Amino acid sequence: MPSRDDRSPGDDRSPGRNRPGDDELPPGPDGLPVVGNTHQFLRAGPYEFYDRLATYGDVVGYRVAWRDFCTVLHPDYVEQVLVEEADSFERFFFDEIGFEFAPEGLLMSSGEQWRRQRTLIQPAFRPDRIASYADSMAEYAERTVEGWTDGEEIALNREFSQLALEILARSLFDLDVRAGGGAEAVTRAARALDERADSRSPGAFLPDWVPTPANRRYRRSMEQFRETVDGLIERRRRAPGEYDDLLAILLDAEDESGRTMSDEEVRDQMITFLFAGHETTSLALTYAFLLLAQHDQVREKLDAEHERVLGGAAPTLADLDDLEYTETVIDEAMRLYPPAYVMFREALEDVEIGGYRVPEGTVVTLPQFRLHVDERFYDDPERFRPERWTDEFEEQLPEYAYFPFGGGPRHCIGMRFAMLELKTVLPTIAQRVDFELLSDPDPDLGAGITLQPDEDVRMRVSKR
Ligand code: HEM
């Protein structure tokens, strides 16, 4: 593979074909072994595939099945797509997956509907609003630790998946998933959504309407979830002002003309948040502890910060700004293991990227997991080194060399919520437990919608 540091944006490694200005896709591989089969493409593993793409430059064209794709591997082009020319692109979902989980929700809506919804929902994620969830985040993290016995072996990814769900259910619906009362439907729906989006499960990549047992289970779970949320909506309508969860806030949200979202829209937002906010956050926690278990010096420095700022107590809102090293640990973990590891956009018109014409209809991919380890921007990019995140480093780093939460108008609306959760849960758990890693330190990663480890991340719990 050619060295990456001697290349400039748009450098064409394949002179003679697809030169700037041509009608074809930007240069890229011909005759990929995966052509014509999207399932295999997704299962082949993203790392190998993108390594191969990167040999062609920073704007790489290829075809998978009947679709034209274009990958951009330079932060300037990521910025162009997400920010500068955001209106020329739309979020892309693989139609053939048929994963229409919440058509009226923020992830899947577009155009005017999306704009209206985003304006209505944004205030619900303001710092002062989400701050009220911090206590329950710490409380649930403590409860999770209490559930572990000293010396026990746990699957960390599963434990954090459960914890992230408990936190979401409390924040979205004021439900305790351990206590029942409608919460079973939330758990089942979250599991069904995860299974649906996970390339390792048998139901993934088959359209919803194919009557496989997994699809039937999925449809049944989503049906029950919708009924449950309808019940919760009704309760909030009967007792306005009694709830401070996101559901209540969204039901009340009005635009300038006094219009609110329909119940269906609000319901689809709940499905969207359950999907977008669950595995992402849980994976960020899993990978942070996976890395910490292998880097004693980082762990010691983290412990020292926790001792100094928290002295054994769970963090409160007032502590969060002082947990600077904790934040760099989280940032560095999401650099190496971005939970949302690649984003997709469809070009709504012909656009030019790096001197190449990218035709209307092309699917542009923006792979965080590649840009985050580009040696043009990161020294020793594969190394876990939270210390790299100094102010000076951040100042000179191109903005879109690091974008775990996306960017531009459609950046993650739950970013502050997620960071609050990560900065609250990580110290709460780290202060009480040491983990000994029992599984592969460098697990294979699967190409689902999020970056999942192929095997459970297993740890032995040692209580402090
Ligand atoms: C570490 C945790 C998280 C990560 C890494 C993450 C990452 C992302 C990324 C990369 C996007 C942009 C996708 C794109 O533009 O194609 C996104 C969008 C979104 N995220 Fe997150 N997310 C996280 C947590 C959350 C949480 C906790 C919630 C809600 C409670 C949430 C809700 C959403 C929604 C609704 C969108 C779509 C926004 C829009 O289109 O306007 N996310 N997220």
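From a predicted model like this one, the values you see are computed outputs, not experimental measurements. All residue numbers in this chain count up from 1 along the given sequence. Remember, it's 1-based here, ligands and their atoms both numbered in the order they're listed.
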(request) Run the ring-centre check on Y62 versus F49 and record whether the distance is less than 6.0 Å. (result) yes
(message) Check whether R170 reaches the backbone of D245 with its side chain - one donor and one acceptor, N or O, closer than 3.5 Å.
(response) no
(message) Whether R376 and D374 form a salt bridge (side-chain N of Lys/Arg under 4.0 Å from carboxylate O of Asp/Glu) is what I want to check.
(response) yes
(message) Taking the ring of F405 and the ring of H411, is the distance between their centroids below 6.0 Å?
(response) no
(request) Would you please name every residue forming a side chain to side chain contact (heavy atoms under 4.5 Å, CB included) with E421, sequence neighbours left out? (result) M137, A164, I167, T281, F417, V425
Please tabulate, one line per pair, the protein N or O atoms found under 3.5 Å from any N or O atom of ligand 1, giving the distance to one decimal.
from, atom 1, to, atom 2, distance (Å)
ligand 1, 15 (O), R91, NH2, 2.9
ligand 1, 15 (O), R345, NH1, 3.4
ligand 1, 15 (O), R345, NH2, 2.6
ligand 1, 16 (O), R91, NE, 2.9
ligand 1, 16 (O), R345, NH1, 2.9
ligand 1, 40 (O), R91, NH1, 2.8
ligand 1, 40 (O), R91, NH2, 3.0
ligand 1, 40 (O), R410, NE, 2.9
ligand 1, 40 (O), R410, NH2, 3.1
ligand 1, 41 (O), W114, NE1, 2.8
ligand 1, 41 (O), R118, NH1, 2.7

(message) Using the side-chain contact (heavy atoms from CB on, under 4.5 Å) definition, which of the options V457, L163, D456 pairs with R158?
(response) D456
